[in-house]
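Counting begins at 1 with the first residue of the sequence.
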Amino acid sequence: MKVLHTSDWHIGRSLYGRKRYEEVEIFLTWLAETIQENSIDALLVAGDVFDTSAPSNRAQELYYRFLCRVAASSCRHVIIVAGNHDSPSFLNAPKDLLKALDVYVVGSSTEFPEDEVLVLRNEQDVPELIVCAVPYLRDRDIRVAEAGESVEDKERKLIDGIRTHYATVAALAEQKREELDVNIPIVAMGHLFTAGGRTVDGDVVRELYVGSLAHVTAGIFPTIFDYLALGHLHIPQKVNGSETIRYSGSPLPMGFGEAKQQKSVCQVAFDQDEDHITTASVQLIDVPVFQKLERVKGDWDGISSRILELSAMDSQGWLEVIYEGDEVIGDLRERLEAAISDTQMVILRIKNNRIIDRVLGQIHEEETLDDLNVNDVFERYLAVHDVPEDQRPELLRAYQETVSSLYEDDVQAE
């Protein structure tokens, strides 16, 4: 049996105001063709299907059109779990209808963990795979808040909650396999941040929980899983060096920091030896570049030289330009627009580090909110109002908890 693991599509995401629907559409067409060409039996999508909890009509159209195409292919099963960017209720709304197409959706954790344990069957109704489809576990799903508890208490409860949840679904999966009396693989899915996970600047990966935790170790996952398909981190990577615990990574670069990454999806093949021991072999399938992103850095001579090189190659790339020269250039934007005027390139962002340095870190017209995260803005606000240093950590923590609760509110459920 062959499984394809992907995640973090972020349908509907913009890059510095530029919509990426065409790029996503080309990727989904490529993915459907790849599934057919490689005779994939099951597709696992490990969260962050959409970029927001209220996706646009265009984003929804791309999603449902893709599911219909895959349902009509040789792929027998599609399993989708929600990520932290997704609305659980939005994903769940058509789940009964999609189930008729062998598309299984798990938008949120419920009081019935058996709902996350799926037995997949082939055309002859013979069980062939068990999937523990664990969605993003929100704070309130795995921890009961108590007055007066410390940050350390919260972190411990979060880790214990995640460990208990995976242990529960693993036990249910093993029980189902014993009842079926057939030795089939058990796969788990998840959307979380593991310890040691790699990220890059501008990849929109949020810390999932308030505090210093946010990252769980590979040791919390039961060893019964033959493969663990994870989402949330955008760099394709193994967890703790394991071949069978992986992040597929995002198929498209979410920002210019990811521009030089080779994006991929994971093809997993399951085999059994003569002793009926299951082994999983993983092959990465490279995702083509559908829209070239280029970060151009340096002084003016270096920047202009690189733009000339790209122009000579008839590049249609989207550019981020970071000026780092000693000379103060007040008309940097005008010079850059002139440099690309006869090309098909588009400059999405200009960052003039020289001017930013000269104003000693104060916000300047060349520094936008894109350069700051929500914590940066709040910390600057505290500084502007001369809040004493000893009061800032507790205020920042309270602010982070408020922001986290806003991220986790499911607007579709209202």
Side-chain angles (χ1 to χ4, degrees), residues 8-27 30 51 56 58 199-205 234-235 249-264 286-373 376-377 380:
D8 295 275
W9 297 349
H10 289 276
I11 304 175
R13 175 166 170 75
S14 298
L15 184 59
Y16 297 112
R18 180 60 63 104
K19 293 293 185 182
R20 307 180 73 179
Y21 291 124
E22 291 183 8
E23 193 179 355
V24 171
E25 184 174 13
I26 297 170
F27 159 68
W30 172 87
D51 193 57
S56 68
R58 180 74 184 280
T199 62
V200 295
D201 177 45
D203 63 6
V204 305
V205 172
H234 296 165
I235 300 176
S250 61
L252 305 178
M254 292 296 107
F256 287 95
E258 298 180 40
K260 294 185 178 181
Q261 287 176 21
Q262 176 58 64
K263 297 297 188 176
S264 58
D286 290 344
V287 177
V289 175
F290 305 114
Q291 173 59 61
K292 180 72 173 177
L293 302 182
E294 177 93 16
R295 175 177 279 170
V296 182
K297 299 173 64 175
D299 58 15
W300 174 250
D301 289 342
I303 291 171
S304 58
S305 175
R306 180 56 182 160
I307 289 177
L308 281 174
E309 290 175 4
L310 293 171
S311 176
M313 295 185 287
D314 294 323
S315 172
Q316 300 180 34
W318 294 351
L319 308 184
E320 176 190 54
V321 179
I322 302 177
Y323 176 70
E324 299 178 324
D326 292 330
E327 178 189 2
V328 177
I329 300 179
D331 61 343
L332 180 61
R333 181 175 295 275
E334 289 77 8
R335 289 197 195 184
L336 290 170
E337 293 296 343
I340 65 165
S341 59
D342 295 324
T343 75
Q344 299 184 68
M345 292 180 286
V346 178
I347 296 176
L348 298 191
R349 185 191 190 212
I350 300 171
K351 186 175 182 181
N352 192 332
N353 281 350
R354 179 61 174 165
I355 287 182
I356 292 173
D357 289 343
R358 283 177 64 89
V359 296
L360 301 177
Q362 296 178 9
I363 295 178
H364 186 274
E365 63 180 358
E366 292 291 342
E367 183 183 28
T368 70
L369 283 176
D370 292 319
D371 299 309
L372 308 172
N373 62 38
D376 294 332
V377 174
R380 291 194 183 196

Where do Val287 and Gln262 come nearest, in terms of heavy atoms and distance? O-NE2, 3.2 Å
In terms of side-chain geometry, is the basic nitrogen of Arg58 or Glu25 positioned less than 4.0 Å from the acidic oxygen of its partner? yes
Identify each donor-acceptor pair in which a side-chain atom of residues 337-345 lies under 3.5 Å from a protein atom, sequence neighbours left out, and give them as a table.
residue	atom	partner	partner atom	Å
Ser341	OG	Ala338	O	2.9
Thr343	OG1	Ile340	O	2.9
Thr343	OG1	Met345	N	3.1

For a quick check under 3.5 Å, do Ser250 and Glu258 share a side-chain donor-acceptor pair by atom type? yes
Supply the atom-to-atom distance Arg295 CZ to Lys260 NZ, rounded to the nearest 0.5 angstrom. 9.5 Å
Provide the closest heavy-atom pair for Trp318 versus Lys19 in the form atom of the first, atom of the second, distance. CH2-O, 3.9 Å
So do Gln291 and Arg20 actually touch side chain to side chain, heavy atoms under 4.5 Å? no
May I ask you to decide if the ring planes of Phe256 and Tyr16 are parallel, tilted or perpendicular, using 30° and 60° as cut-offs? parallel
Distance from Leu252 atom CG to Lys263 atom NZ, nearest 0.5 Å? 8.0 Å
Atom pair CD/CG of Glu320 and Leu15 - distance to nearest 0.5 Å: 8.5 Å
Closest heavy-atom pair and its distance - Leu293, Pro253: CD1-CG, 3.7 Å
Intermediate values then yes/no, side-chain contact (heavy atoms from CB on, under 4.5 Å), Glu327 and Asp299: CA-CA 8 Å; Glu327 178 189 2; Asp299 58 15; over 6 Å; no
Working to the nearest 0.5 angstrom, can you tell me the gap between Lys297 NZ and Glu324 CD? 4.5 Å
Would you say Trp30 and Phe290 make side-chain contact, with heavy atoms under 4.5 Å? yes
Heavy-atom donor-acceptor pair, Arg333 side chain to Ile350 backbone, under 3.5 Å: no
Side chains of Ile347 and Val296, heavy atoms from C-beta outward: is any pair under 4.5 Å? no
How far apart are the closest heavy atoms of Asp8 and Met254, and which atoms are they? O-CE, 4.4 Å
Got a second to check how far Tyr323's OH is from Ile329's CD1, nearest 0.5 Å? 3.5 Å
Would you say the side chain of Tyr21 lies within less than 4.5 Å of the side chain of Ser56, judging by non-hydrogen atoms? yes
What distance separates Arg306 CZ from Leu310 CG, expressed to the nearest 0.5 Å? 4.0 Å
